[in-house]
Amino acid sequence: MFSSKEEFKNVFLKRLEMMYGKRFEESTVRDQYNTLGNMVREYISQHWIQTNERNRAKKQKQVYYLSIEFLLGRLLGSNLLNLGIRDIVEEGLRELGIDLQEIEESEADAGLGNGGLGRLAACFLDSLASLNLPGHGCGIRYKHGLFDQKIVDGYQVELPEQWLRHGNVWEVRKEDLAVEVSFWGKVEMSHINGRLTFRHVDSEKVMAVPYDMPVIGYDTKTINTLRLWSAEPAKTFPIHKSVMQYKRETEAISEFLYPDDTHDEGKILRLKQQYFLVAASVGSIVRAHRRQYGHLYELHKHVAIHVNDTHPVLAIPELMRILLDEEGMSWEDAWHITTNTISYTNHTTLSEALEKWPIHIFRPLLPRIYMIVEEINERFCRELWNRYPGEWKRIEEMAIIAHDLVKMAHLAIVGSYSVNGVAKLHSDILKKREMRLFHEFWPQKFNNKTNGITHRRWLLKANPQLSKLIINTIGDKWIKEPEKLIDLKPYVGDASFQQELAKVKRQRKTMLARRIYEQTGVVVNESSIFDVQVKRLHAYKRQLLNVLHIMYLYNRLKEDSSFSIYPRTFIFGAKASPGYYYAKRIIKLINSLADKVNSDRQTNEQLKVIFLENYRVSLAEEIFPAADVSEQISTASKEASGTGNMKFMMNGAITLGTLDGANIEILEAVGEENIFIFGLTAEEVLRYYQNGGYRSHEYYHYDKRIKQVVDQLVNGFFPDAHDHFEPIYDSLLMQNDEYFVLRDFASYVEAQERVGKEYQQREKWLRMSTVNIAHSGYFSSDRTIQEYANGIWKIQPIDG
Ligand code: 26V
């Protein structure tokens with residue numbers, strides 16, 4: 001686009017005047033942002049076209065990653081970075097008196113996801129393009145992403161998110177590629193030329209209009225596509241409904257992202273969203289394939305469709321429907337193609353998150369799809385019967401449809417050629433427990449792909465200070481090959497490297513402290529330990545354990561004058577699902593504790609508690625680089641992987657965690673002297689669940705520290721909360737503490753004491769921090785995506 005900053009400035013000024021009809025001096029930050037965005041779009045357009053042309057010409061296998069969520073965050077900064085023009089742009093703008101950072105911060109986060117699952121999808125897109133792999137995302141263009149969180153009097157209040165308010169420079173509406181999606185109606189059967197045929201009639205049509213966004217790889221010519229579908233009224237309106245009602249119901253499909261990441265609410269609109277995504281995506285994939293190859297018999301050789309969790313799993317019956325009803329294939333041929341095209345990732349074993357749709361919702365909304373699911377189920381059960389004659393119980397447990405419910409995970413396993421978990425422990429639990437019977441039946445389908453994160457956003461972009469230090473120390477090869485970060489290993493004990501590392505961390509802590517002051521008015525001690533827990537609020541993630549420990553520290557500081565600690569700043573960020581009342585009470589608890597602790601002159605030199613509102617991707621980019629301690633304290637076996645743990649590690653924070661999810665693999669990578677592990681193992685937890693034997697009140701009675709903090713939830717210690725924390729108290733004692741908070745308390749306190757001690761051994765701590773950074777390359781999503789490409793999708797990079 002421009003090889004020098006002079007050239008950039010000229011083009012920028014001219015473009016700004018052309019777009020806005022005003023001089024640069026009168027332009028707003030938004031004008032400048034849009035100008036820059038448009039320049040980038042224009043710059044990449046040729047490469048985008050060429051990538052698509054090359055894909056067609058070379059007939060290379062393509063992968064389509066179907067996901068109900070893509071949590072992208074801001075795009076200007078990462079696009080400039082991946083194009084390698086960020087420095088020129090920054091300098092050029094500086095000479096014009098503009099701060100690039102200010103322009104970047106004016107961009108709204110594309111927050112089309114809840115948390116881990118959606119952010120993983122976004123990291124995967126970045127890695128696919130950066131590895132030159134032909135892989136595209138398919139999702140929904142929600143008008144409103146995950147709600148904005150405000151904290152009012154310590155309580156969470158949700159506001160509708162409005163990322164499209166000022167338009168979206170990164171998208172291209174492609175009306176000509178719209179796809180019609182059918183709901184409701186009935187299925188007519190008839191015999192044509194001796195073949196039973198099915199017609200879906202009297203249906204209500206919805207138009208799915210694609211908005212394409214370019215996915216720009218780092219230092220490659222590859223530009224992949226993220227296709228987001230928007231729901232609009234179709235050309236033919238239904239006759240039995242008012243125009244207004246039809247329009248409202250249609251547009252509702254892509255209006256809101258569901259703000260829940262566990263409870264399957266069984267809402268009809270959610271099933272509509274799922275089928276809408278699937279029908280539009282599979283429809284456009286198949287149409288493109290048919291145009292190029294003339295038939296669909298070899299679809300699986302040219303296309304891989306990946307379903308991210310069970311939400312897009314209707315891709316299986318939808319593809320079957322097309323092959324059977326539109327292409328006239330036999331069931332056997334259609335099934336062969338489908339089950340060699342679709343692969344599936346499981347992201348959780350929490351039973352409340354496993355999707356099950358009641359037949360009375362499913363069948364009327366999607367009558368033909370339901371028939372196909374029924375047929376898949378019948379054939380599958382017959383196969384089971386042949387293999388396990390007489391084993392009714394087993395067959396009932398494995399069936400796709402049972403007790404008037406359609407089990408989406410079962411459909412996913414039966415209709416795909418690969419099923420993977422997202423960390424070793426999680427995949428083992430799937431094989432040995434959650435999906436044991438399926439693993440017995442199809443052992444070869446199951447595999448593990450440990451999650452990763454894009455080091456380009458989470459290190460290179462989020463932490464330019466640390467990136468620069470790493471480049472000055474070992475060069476820049478790690479940007480393309482993240483595992484080269486291991487070259488830092490010789491510097492773990494290097495005094496001057498340590499000094500620089502400490503300086504970088506301090507600088508980032510100062511920056512975060514400024515943000516904390518802006519948002520909360522609280523001044524934090526920049527040389528205190530920044531101890532951070534940022535993630536969705538969930539009982540199993542145990543923010544409560546963190547809180548109870550802080551209460552314990554506070555009590556000791558108040559009561560025992562000989563007790564002192566190295567100063568700590570506990571930082572939280574978390575959104576609670578609007579209907580998850582327990583989680584909302586924990587948010588109030590954190591804020592009540594913050595008020596109490598931060599205003600106590602006796603302790604607030606040593607202890608501060610901060611709740612940062614509206615945790616999201618852009619805020620995360622400020623938090624990870626400033627963290628000293630990474631809290632990963634879920635009940636073992638519950639957190640499938642975690643990916644925040646990897647972002648912290650890559651930025652030099654030390655994990656304080658349970659033996660859960662990918663924490664275990666972080667431990668294996670860094671060694672036990674470079675991580676703080678505590679608590680029950682997954683096996684111990686699962687044994688308790690199976691055999692009983694845990695009585696939380698024993699821990700309450702025998703450990704004075706526990707009794708004191710638990711009592712403080714209800715004894716007036718938090719005067720502004722009245723009886724608001726009673727359900728938390730009850731969960732710990734009356735409901736026997738389902739997540740083993742009290743069981744792990746002592747072990748957690750002890751691990752926290754080690755953290756405090758070792759932090760003061762500066763040289764040792766910096767050594768640990770360096771070891772963590774050095775070993776973080778394995779957790780780049782480049783490694784993960786390479787494993788998917790080789791092991792599951794069988795795709796090759798696009799050359800030249
Ligand atoms: C489930 C549901 C259920 C219905 C309401 C809407 C909704 C939205 C999302 C989900 C999926 C929850 C599963 C999930 O996010 N799992 C997380 O996936 C991460 C990436 O693999 C992993 O690191 C986390 O440990 C895991 O909790």
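Whatever order the structure lists them in is the order used to number ligands and atoms, beginning at 1. This one's a predicted model, so the numbers in the text were calculated from it and none came from an experiment.
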Legend entry - side chain to side chain contact (heavy atoms under 4.5 Å, CB included) evaluation trace for Ile342 with Tyr344: CA-CA 7 Å; Ile342 309 254; Tyr344 154 65; 5.5 Å; no

Legend entry - Plane angle bin for Phe678 and Tyr748 - parallel if under 30°, tilted between 30 and 60°, otherwise perpendicular: tilted

Inset, instruction - Return the option from Gly116, Gly661, Ser634, Gly642 holding the heavy atom at the smallest distance from atom 22 (C) of ligand 1. - result: Gly642

Inset, instruction - Would you check whether Glu355 reaches within less than 4.0 Å of ligand 1, judged by its heavy atoms? - result: no

Legend entry - ligand 1 to His347 polar contact by distance, N or O atoms, under 3.5 Å: yes

With distance as the sole criterion, is a donor-acceptor pair present between the side chains of [X] and [Y] under 3.5 Å?
| X | Y | answer |
| --- | --- | --- |
| Gln632 | Glu639 | no |
| Tyr64 | Ser281 | no |
| Ser127 | Ser781 | yes |

Atom indices of ligand 1 within 4.0 angstrom of [X] heavy atoms, with elements:
| X | result |
| --- | --- |
| Tyr540 | 27 (O) |
| Ala640 | 25 (O) |
| Val422 | 21 (O) |
| Glu639 | 24 (C), 25 (O), 26 (C), 27 (O) |
| Ser641 | 23 (O), 25 (O) |
| Glu69 | 8 (C), 9 (C) |

Nearest neighbour in protein (non-hydrogen) for [atom]:
| atom | result |
| --- | --- |
| atom 8 (C) of ligand 1 | Asp260 O, 3.0 Å |
| atom 12 (C) of ligand 1 | Asp261 O, 3.2 Å |
| atom 11 (C) of ligand 1 | His311 CE1, 3.8 Å |
| atom 3 (C) of ligand 1 | Thr262 O, 3.7 Å |
| atom 4 (C) of ligand 1 | His263 O, 3.3 Å |
| atom 15 (O) of ligand 1 | Leu117 CB, 3.3 Å |

Legend entry - Lys/Arg-Asp/Glu bridge criterion (N-O < 4.0 Å) met for Glu255, Arg141: no

Inset, instruction - Test the Lys267-Tyr258 pair against the cation-pi criterion, namely NZ or CZ under 6.0 angstrom from the six-membered ring centroid and within 45° of the ring axis. - result: no

Inset, instruction - With heavy atoms only and a cut-off of under 4.0 Å, state how Glu265 meets ligand 1: side chain, backbone, both or neither. - result: neither

Inset, instruction - With heavy atoms only and a cut-off of under 4.0 Å, state how Asn451 meets ligand 1: side chain, backbone, both or neither. - result: side chain

Inset, instruction - Please name the residue in the list Arg457, Arg456, Arg119 that meets the salt bridge (Lys or Arg N to Asp or Glu O under 4.0 Å) test with Asp126. - result: Arg456

Legend entry - Heavy-atom pair with the smallest gap, counting every atom of His426 and Thr348: CE1-N, 4.0 Å

Legend entry - Side chains of Asn114 and Arg536 in contact at under 4.5 Å (non-hydrogen atoms): yes

Inset, instruction - Would you check if Gln273 and Tyr142 make a side-chain contact, meaning some heavy-atom pair closer than 4.5 Å? - result: yes

